[in-house]
Amino acid sequence: MASSNRNVTLTGLARRFVDDGLLDEDTAKDAFIQASQNRIPLITYLTQNHLADSSKLAFSAAMEFGVSVLDLDSFMPEMMPEKAVDEKLVRKHNALPLYKRGNRLFIAVSDPTNIQALDEIKFNTGLSTDAVLVDDAKLRIAIDKYLESQDSTMGDLDDADLEGVETEGGDKDDDGAASTAEVDDAPIVKYVNKMLLDAIRGGASDVHFEPYEKTYRVRYRTDGILKEMSRPSIKLAPKISARIKIMAQLDISERRVPQDGRIKMKLSKTKAIDFRVNTLPTLWGEKIVLRILDPSQAQMGIDALGYEEDQKQLYMDALSQPQGMILVTGPTGSGKTVSLYTGLNILNTPGINISTAEDPAEINLEGINQVNVNTKVGLGFAEALRAFLRQDPDVIMVGEIRDLETANIAIKAAQTGHLVLSTLHTNSAAETLTRMMNMGVPAFNIATSVSLIIAQRLGRRLCSCKQPMDVPKDVLLKEGFTQEQIDTGFTLFRPKGCDKCTSGYKGRVGIYEVVKITEELASMIMEEASSIKIAKQAQADGFRNLRQSALRKVMEGVTSLEEANRVTKD
């Protein structure tokens with residue numbers, strides 16, 4: 001992004017943060033551009049993407065505007081006026097009502113330039129408003145707690161009336177669903193709701209309900225690792241399955257074939273979570289897996305995903321092109337969808353027509369025309385693509401290239417003035433190219449349409465409780481570190497574990513191989529070279545493979561060598 005930010009002149013807060021040493025010039029300019037594109041305050045963007053310490057940002061902003069800073073940790077929540085400000089305004093402006101004195105309402109904000117928030121709240125409440133500057137990270141946590149306390153369904157899970165949580169099914173209109181009477185069992189309703197709410201609160205990505213001959217278990221996948229959370233009686237298995245199927249509006253009388261559905265769980269007036277539901281008949285009953293779909297992931301911004309600076313620049317350059325194809329590849333659960341949606345978010349402006357064909361659409365994005373493919377009625381990826389091309393598109397996203405027909409139409413679109421984004425299930429960038437050749441796509445079409453390939457994995461991020469460790473040099477060389485890297489010197493860390501993390505890890509970070517199709521690679525593609533030769537040429541062109549990118553994350557202390565080995569085994 002450095003090349004495109006030269007014309008940006010830093011003023012106000014951005015300039016102050018640079019002068020105070022919180023950011024370097026290029027990072028500040030990049031952040032200013034990204035925050036503007038994402039339509040969020042600069043301070044919020046910096047905090048969400050971990051580019052600067054939120055408390056230091058608050059003090060720097062306070063010095064710039066000559067105001068004091070309030071530590072929200074020392075503020076008593078009971079002083080907050082109940083329902084003083086509409087919830088939508090609180091969320092919209094990231095502004096929290098702190099206390100009221102007479103006709104004056106004191107509002108906590110992290111961005112002192114957000115005059116619109118004070119004016120709109122003043123108009124809405126009829127009260128005079130005063131801004132109080134606070135730490136952005138603490139403010140977002142406090143807002144969540146405040147709004148939860150205003151809604152009984154978001155209270156403490158141990159005491160909440162879990163039956164009061166509202167759920168809606170997907171868009172099926174299924175008359176085959178049996179009467180809810182046989183599964184309208186209050187303990188089962190409460191148990192299922194609690195399992196789903198606990199999964200949301202624990203940051204899980206998937207929930208597995210699994211029946212066996214004599215046991216039944218519930219597992220959560222958190223940070224990519226499955227962990228057993230509950231073992232209800234096997235006698236409850238049919239009722240639990242039926243309850244989940246009712247929630248997803250599936251046919252509870254059909255237990256012989258897999259079914260797909262969707263659940264929308266309304267936690268409060270302003271907060272809802274979607275689940276993608278799949279049932280599978282197994283030897284001892286139906287296994288049900290729910291994928292938790294978090295819309296906020298698509299709003300994180302590219303800096304939060306873990307791309308190295310040169311990799312991010314390659315992706316941004318490809319997105320700025322008017323045509324071509326960007327392919328994201330990796331196994332299920334490697335974060336391909338988030339990478340694609342992040343790219344779409346960057347492109348999502350009023351002047352660009354974006355259409356997507358997905359199976360199904362996981363995250364709803366305002367301003368993007370999303371289509372769920374439905375092969376039962378003859379609407380597959382190929383049919384959706386043909387329709388898109390008749391609707392004057394600028395950008396097209398295809399959920400997955402599964403067959404030759406879809407591949408050929410997508411490539412034709414990329415060659416005729418459209419930017420196309422899609423995914424493939426392969427292990428590396430080189431294998432993506434040979435996979436397309438094996439599908440029957442002519443080598444010339446691949447070489448002239450594909451502009452960028454991103455292969456990715458998700459690795460667990462070390463918690464701040466991490467501990468340094470000593471590793472012999474010969475072991476480091478064997479693991480793939482170069483002699484130059486070892487001579488430069490770096491510290492390896494191992495997980496420790498604390499009350500804020502899971503086994504020493506907290507959250508995940510992307511590990512990427514980003515390959516631009518150079519003239520040399522295009523020539524090799526047209527010669528139908530093997531994936532091994534293509535991979536060697538990509539290395540010669542200076543593109544790091546997944547293993548090398550993982551080792552850089554280890555050197556930076558982001559993850560452990562053990563985790564790098566787990567997700568990028570040679």
Side-chain angles (χ1 to χ4, degrees), residues 2 302 305-319 321 324-331 334-336 339 423-438 441 443-444 446-459 473-488 490 492 509-556 558-559 561 563-570:
I302 193 169
L305 299 185
Y307 286 93
E308 300 291 340
E309 196 59 37
D310 58 333
Q311 295 175 332
K312 182 183 79 170
Q313 188 63 53
L314 288 170
Y315 191 16
M316 296 296 293
D317 288 345
L319 288 171
Q321 299 301 312
M325 180 180 287
I326 299 173
L327 293 172
V328 182
T329 181
S334 60
K336 300 188 297 295
S339 282
T423 71
L424 278 170
H425 283 90
T426 56
N427 292 322
S428 66
E431 289 177 35
T432 301
L433 297 167
T434 55
R435 168 74 185 279
M436 293 185 75
M437 293 182 205
N438 293 337
V441 180
F444 176 80
I446 300 173
T448 56
S449 61
V450 177
S451 55
L452 189 76
I453 303 174
I454 301 172
Q456 66 180 78
R457 301 290 188 275
L458 284 178
K473 288 186 178 180
D474 58 330
V475 175
L476 294 177
L477 288 169
K478 188 176 180 181
E479 289 289 351
F481 293 99
T482 65
Q483 185 63 52
E484 183 182 356
Q485 289 172 330
I486 295 172
D487 292 341
T488 302
F490 55 88
L492 268 66
V509 64
I511 296 169
Y512 303 92
E513 175 188 18
V514 182
V515 176
K516 178 183 177 182
I517 303 303
T518 60
E519 291 183 7
E520 293 79 7
L521 284 172
S523 298
M524 295 187 72
I525 293 168
M526 285 190 279
E527 294 169 2
E528 299 188 11
S530 68
S531 60
I532 295 175
K533 291 183 179 179
I534 292 174
K536 287 182 178 179
Q537 182 60 48
Q539 290 277 292
D541 288 338
F543 303 118
R544 291 185 298 282
N545 61 28
L546 283 166
R547 179 63 180 175
Q548 292 166 337
S549 293
L551 293 180
R552 285 189 67 149
K553 290 286 189 293
V554 173
M555 293 172 63
E556 293 164 2
V558 174
T559 191
L561 183 58
E563 184 67 5
N565 288 337
R566 185 181 72 85
V567 296
T568 61
K569 292 179 180 177
D570 290 333

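What you see is a predicted model, and the numbers here were worked out from it, not measured in a lab. What's counted below: heavy atoms across the whole structure, side chains too, no hydrogens, waters or symmetry copies.
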Would one find more than 12 heavy atoms of other residues, nucleotides or ligands at under 6.0 Å from atom CZ of Phe490?
-> yes

Distance col, row Ile453:CD1 vs Leu314:CG, nearest 0.5 angstrom, shows 12.5 Å

Say whether, by atom type as modelled, one donor and one acceptor occur between the side chain of Thr329 and the main chain of Thr426 under 3.5 angstrom.
-> yes

Between Tyr307 and Tyr512, how do the two ring planes meet: parallel, tilted or perpendicular, split at 30° and 60°?
-> parallel

Examine distances only and state if a side-chain atom of Asp541 and a backbone atom of Phe543 form a donor-acceptor pair shorter than 3.5 Å.
-> no

Check: Lys336 side chain, Pro331 main-chain N or O, donor-acceptor pair, under 3.5 Å = yes

By side-chain hydrogen bond (donor to acceptor under 3.5 Å, both in side chains), which residues pair with Lys553, not counting sequence neighbours?
-> Glu308

Under 4.5 Å between any side-chain heavy atoms of Leu433 and Met524, yes or no?
-> no

Quick one: side chains of residues 527-534, donor-acceptor pairs under 3.5 Å with protein atoms, not counting sequence neighbours, listed by atom name and distance.
residue, atom, partner, partner atom, Å
Ser530, OG, Lys533, N, 3.4

Just how far is it from atom CG of Asp310 to atom NZ of Lys312, taken to the nearest 0.5 Å?
-> 10.5 Å

Which distance, rounded to the nearest 0.5 Å, do you find between the CG of Leu521 and the NZ of Lys516?
-> 11.0 Å

Gap between atom CG of Leu476 and atom NZ of Lys473 - 0.5 Å precision | 9.0 Å

Does a side chain donor of either Gln321 or Asp317 reach within less than 3.5 Å of an acceptor in the other side chain?
-> no

Results of side chain to side chain contact (heavy atoms under 4.5 Å, CB included) for Ser549 - residues two or more places apart only = Gln311, Ile511, Arg544

Taking every non-hydrogen atom, the tightest pair across Ala550 and Ala564 | CB-CB, 4.0 Å

Exam field: side chain Thr559 to backbone Val554, donor-acceptor pair closer than 3.5 Å = no

About how many Å separate CG of Asn545 and OG of Ser428, when rounded to the nearest 0.5 Å?
-> 9.0 Å

For Val567 against Gly459, the heavy-atom pair lying closest together | CG1-CA, 4.2 Å

If we only count heavy atoms from C-beta on, is the Val514 to Leu452 side-chain gap below 4.5 Å?
-> yes

Test side chain to side chain contact (heavy atoms under 4.5 Å, CB included), reference Ile446, set Ile517, Ile525, Thr432, Thr434, output is Ile525

Measure the CD-OG1 distance between Gln537 and Thr518 for me, rounded to the nearest 0.5 Å.
-> 6.0 Å

Taking Gln456 for its side chain and Val328 for its backbone only, find out whether a donor-acceptor pair lies under 3.5 Å.
-> no

Between Ala522 and Ala447, the two heavy atoms sitting closest are O-CB, 3.7 Å

Check against side-chain contact (heavy atoms from CB on, under 4.5 Å), Glu513 and Arg457 = CA-CA 9 Å; Glu513 175 188 18; Arg457 301 290 188 275; over 6 Å; no

Stepwise side-chain contact (heavy atoms from CB on, under 4.5 Å) test for Leu561 and Leu551 = CA-CA 7 Å; Leu561 183 58; Leu551 293 180; 4.0 Å; yes

Contact summary for Ala455 and Ala429, nearest pair of heavy atoms | CB-N, 3.9 Å

